[in-house]
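Shown next, in structure tokens, is the structure this report addresses.
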Amino acid sequence: MSVVILYGTETGTAEDVSDAVADVLAEHTEVETFDMTDYAIEDLDPANFYVVICSTYGDGELPSSALPFFDLLDEETPDLTGLRFAVFGLGDQVYEDTFNRGGEICAEKLSALGATQVGTHGRHDASSADKPKDLASDWAGEIIALAARD
Ligand SMILES: Cc1cc2nc3c(=O)[nH]c(=O)nc-3n(C[C@H](O)[C@H](O)[C@H](O)COP(=O)(O)O)c2cc1C
């Protein structure tokens, strides 16, 4: 089993966060990181553990690098039964009603196709004093046991 990190970003924060999470997880297991735009949905494999790191844009929508991946999933509706994933979302509390919707949309869409979310759903708030990479590294430490299972 290896860990596949898929990030969705508009301006690069989720990519930086992915690198920080990869650094933590790579001490325990094999890790590959992809922009969602570059990951073929045919390659989704229940033998891997997926870490989804995604920001929120527009009015509580997915960022542009996540859109082609999820549009294809909506079209192809593959059966993702047995696939396990964890989510770390990025957002900003100033967008009260749509705070962190991007990561939540990812979790909802993957779960609707049969995949199973595990671990705590991480949420960064850009209005907080927390640095996204620090918060995500702490979160990665919490999901190591899940990601390194088997
Ligand atoms: C135009 C714009 C719209 C945004 N909309 C939301 C939103 O609806 N909900 C939310 O929680 N954050 C929203 N954000 C905040 C971003 O998700 C947050 O700054 C995030 O860290 C950006 O990550 P990225 O650089 O990986 O895209 C928005 C930011 C911008 C600039």
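Counting convention: from 1, in listed order, for ligands and their atoms alike.
Each of the atoms 11 (O) of ligand 1 lies under 4.0 Å from some heavy atom of F99. Heavy-atom proximity to G91, at under 4.0 Å, picks out these atoms of ligand 1: 10 (C), 11 (O), 12 (N), 17 (O). Listed by atom number, the atoms of ligand 1 under 4.0 Å from N100 heavy atoms are 10 (C), 11 (O). Near T11, the atoms of ligand 1 lying under 4.0 angstrom from a non-hydrogen atom of the residue are 24 (P), 25 (O), 27 (O).
For the pair I143 and F88, the minimum side-chain heavy-atom distance is 4.5 Å or more.
Between the side chain of N48 and the backbone N or O of Y50, no donor-acceptor pair lies under 3.5 Å. No donor-acceptor pair closer than 3.5 Å links the side chain of D92 to the backbone N or O of D125. For the pair S55 (side chain) and G89 (backbone), a donor-acceptor distance under 3.5 Å is absent. Panel note: side chain W139, backbone V21; no donor-acceptor pair is recorded below 3.5 Å. Of the possible polar contacts, none joining the H124 side chain to the A136 backbone as a donor-acceptor pair under 3.5 Å is found. A donor-acceptor pair under 3.5 Å is absent between the side-chain atoms of E32 and the main chain of V4, judged by distance alone.
Scanning all protein heavy atoms for the shortest distance to atom 16 (C) of ligand 1 gives T56 O, 3.4 Å. For atom 30 (C) of ligand 1, the closest heavy atom belonging to the protein is Y57 CE2, 3.2 Å. Looking only at heavy atoms of the protein, atom 29 (C) of ligand 1 is closest to Y95 OH, 3.5 Å. Here the protein heavy atom with the shortest distance to atom 24 (P) of ligand 1 is T9 OG1, 3.3 Å. Looking from atom 8 (O) of ligand 1 to the surrounding protein, the closest heavy atom is T98 OG1, 2.7 Å.
An N or O contact shorter than 3.5 Å links S55 to ligand 1 by distance. Considering backbone and side-chain N/O of P63, none are found under 3.5 Å from N/O of ligand 1. By the 3.5 Å distance cut-off applied to N or O atoms, A126 is not counted among the residues near ligand 1. By the 3.5 Å distance cut-off applied to N or O atoms, E10 is counted among the residues near ligand 1. An N or O contact shorter than 3.5 Å links D92 to ligand 1 by distance.
Shown here are the side-chain contact (heavy atoms from CB on, under 4.5 Å) partners of T33, two or more places apart in sequence or in another chain: I5, Y7, S18, A22, V31.
Applying the salt bridge (charged side-chain N to carboxylate O under 4.0 Å, His left out) test to residues at least two apart or on different chains, none of the pairs has a partner in residues 56-73.
Considering only non-hydrogen atoms, atom 5 (N) of ligand 1 lies nearest to G58 out of G8, A14, S127, G58.
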Give the C-alpha distance, both sets of side-chain angles, the deciding distance and a yes or no for side chain to side chain contact (heavy atoms under 4.5 Å, CB included) between F70 and M36. CA-CA 9 Å; F70 281 100; M36 284 184 203; 3.6 Å; yes
